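Working notes for the structure below.
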Amino acid sequence: MPELPEAEAARARIADGALNRTIEAIELGEVSHMDMPDADARARLIGTQFTRTHRHGKYIFVGSKGGPWLHIHLGMAGSIRVCEAGADLPKYVRFTVVFEGDHRLHFRDPRKFGHVELIEDVDAFIGGKGLGPDALSIGDNAFAQAIGGTRGAVKSALLSQRKLAGIGNLWADETLYRTGVDPEARACDLDAGRIGEMHTASRDILQAVVDTGADYSRLPGDWLIHHRNAGDDCTRCDGTIEKKTVGGRTSYFCASHQTKGEAHG
DNA sequence: TTTACTGTTAGGAC
DNA sequence: TGTCCTAACAGTAA
């Protein structure tokens, strides 16, 4: 389900199969309550081609030749499929680009939490959203600045797309598990070394997931992703996986090796 | 039948 | 002004 690695996999799928093909039509599925380009916006894409892709955090951008960018956000359950002519129509398709030769790009979204829109300028869009640096390319100093100094729970800071774009609930938990930080620890209580370890861990985790094409079954068995059940054995110490809500989101962690890192008491 | 869910954001509390 | 927290969005699956 969509965090940065899924967005990157979707972007790659588009880059591999949907560029440099003339767009013949745009089709909408059942889209009530969803943000979709209106008829005028859709008409702007007809006859042109997509020529490039970009991703920032969980946000996907597909550039048309000399024209607008198609922005796609996968929401909670969205996915991208690129199909050859004659392929069966997947379920829950909300937005389809039909290329020459009946080649198709489908945006599926069962829960309708995703968004598709046409934008003129990617940088202006990112700035307008107030998104922080991309989690895969952010530097050490920028990471420390984004996450350190926050008085609230460190997990909430990791999840904030305004501080750092791309990390969601699953990989925030995985990062904290690997670095031994309690999700409720206050970021300002963590020393610079710990913050640096979290940066390294988050980047390594996200890159590893990207490298599998966001296929979780190919990730190492000792990762938390495979043990998100209260009562499971911790794979890093003798502890047990517990569950609690932090920042409104379900968090799995090991209370034995994940600590709050307070300097005093 | 009830409950929880991977993301985002508006609105309210402090 | 900023920061943080909660609720709500819609549909599915356990």
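The basis for the numbers below is simple: all heavy atoms, side chains too, and nothing from hydrogens, waters or symmetry mates. Numbers restart at 1 for each chain; the letters A, B, ... are given by sequence-line order, proteins then strands. Bear in mind the structure is a predicted one, so any value in this text is a computation, not a measurement.
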* **Rounded interatomic separation in angstrom, taking CZ from Arg228(A) and P from dT6(B)** => 6 Å
* Structure fact -> When rounded to whole Å, the CD1 to P distance for the pair Ile147(A) and dC4(C) reads 11 Å
* Who are the side-chain contact (heavy atoms from CB on, under 4.5 Å) partners of Asp204(A), not counting sequence neighbours? -> Arg178(A), Thr200(A)
Could you list the donor-acceptor pairs under 3.5 angstrom formed by side chains in residues 76-90 of chain A, with sequence neighbours left out?
residue	atom	partner	partner atom	Å
Ser79(A)	OG	Arg108(A)	NH1	3.1
Glu84(A)	OE1	His103(A)	ND1	3.4

* Asked: Under the salt bridge (Lys or Arg N to Asp or Glu O under 4.0 Å) rule, what pairs show up with a residue in residues 31-55 of chain A, not counting sequence neighbours?
  -> Glu8(A)-Arg55(A), Arg44(A)-Glu120(A), Arg55(A)-Asp134(A)
* Under 4.0 Å protein heavy-atom contact, by nucleotide of nucleotides 9-14 of chain C - B base, S sugar-phosphate only -> BBBS--
Enumerate the protein-to-nucleotides 2-4 of chain B contacts in which both atoms are nitrogen or oxygen and the separation is below 3.5 Å.
none

* Structure fact -> Value for SG (Cys254(A)) from CZ (Arg236(A)), rounded to nearest 0.5 Å, stands at 10.0 Å
* Structure fact -> Scoring nucleotides 8-14 of chain B by protein non-hydrogen atoms under 4.0 Å (B base, S sugar-phosphate only, - none) yields BS-----
* To do: Could you state the atom-to-atom distance from CG of Leu74(A) to C1' of dT6(B) in whole Å?
  => 11 Å
* Please report, rounded to the nearest Å, how far the P atom of dT6(B) is from the CG atom of Leu4(A). => 17 Å
* So, for Tyr216(A) and Trp171(A), is the gap between ring centers shorter than 6.0 Å? -> yes
* Working to the nearest 0.5 Å, report the span between NE2 of His199(A) and CG of Asp140(A). => 5.5 Å
* Secondary-structure string, 5' to 3', Watson-Crick or G-U under 3.5 Å, | for another-strand partners, for DNA chain C -> .||||||||.||||
* **Side chain proximity check, Asn229(A) to Ile241(A), heavy atoms < 4.5 angstrom** => no
* Asked: To the nearest 0.5 Å, how far apart are CG in Leu190(A) and CD in Glu197(A)?
  -> 10.0 Å
Tabulate below the donor-acceptor pairs under 3.5 Å that side-chain atoms of residues 145-152 of chain A make, not counting sequence neighbours, or state none.
residue	atom	partner	partner atom	Å
Thr150(A)	OG1	Ile147(A)	O	3.1

Can I get a per-line list of side-chain donor-acceptor pairs under 3.5 Å for residues 15-23 of chain A, giving both atom names and the distance, sequence neighbours left out?
residue	atom	partner	partner atom	Å
Arg21(A)	NE	Gly17(A)	O	3.1
Thr22(A)	OG1	Gln49(A)	NE2	3.1

* Take the protein atom CG of Leu164(A) and the nucleotide atom P of dG7(B), then report the distance between them rounded to whole Å. => 13 Å
* Other cluster members, Phe61(A) - Ile/Leu/Val/Met/Phe/Trp/Tyr, side-chain contacts below 4.5 Å -> Tyr59(A), Trp69(A), Ile119(A), Val122(A), Phe125(A), Ile126(A), Leu131(A)
* Rounding to a whole Å, what distance do you find between Leu158(A):CG and dT6(B):C1'? -> 15 Å
* Check the distance between dG2(C)'s P and Arg151(A)'s CZ and give it to me in whole angstrom. => 13 Å
* Asked: Under the salt bridge (Lys or Arg N to Asp or Glu O under 4.0 Å) rule, what pairs show up with a residue in residues 215-228 of chain A, not counting sequence neighbours?
  -> Asp173(A)-Arg228(A)
* Asked: Of all residues at least two apart in sequence or in a different chain, which pass the ring-ring contact (aromatic ring centres under 6.0 Å, His included) check with His226(A)?
  -> none
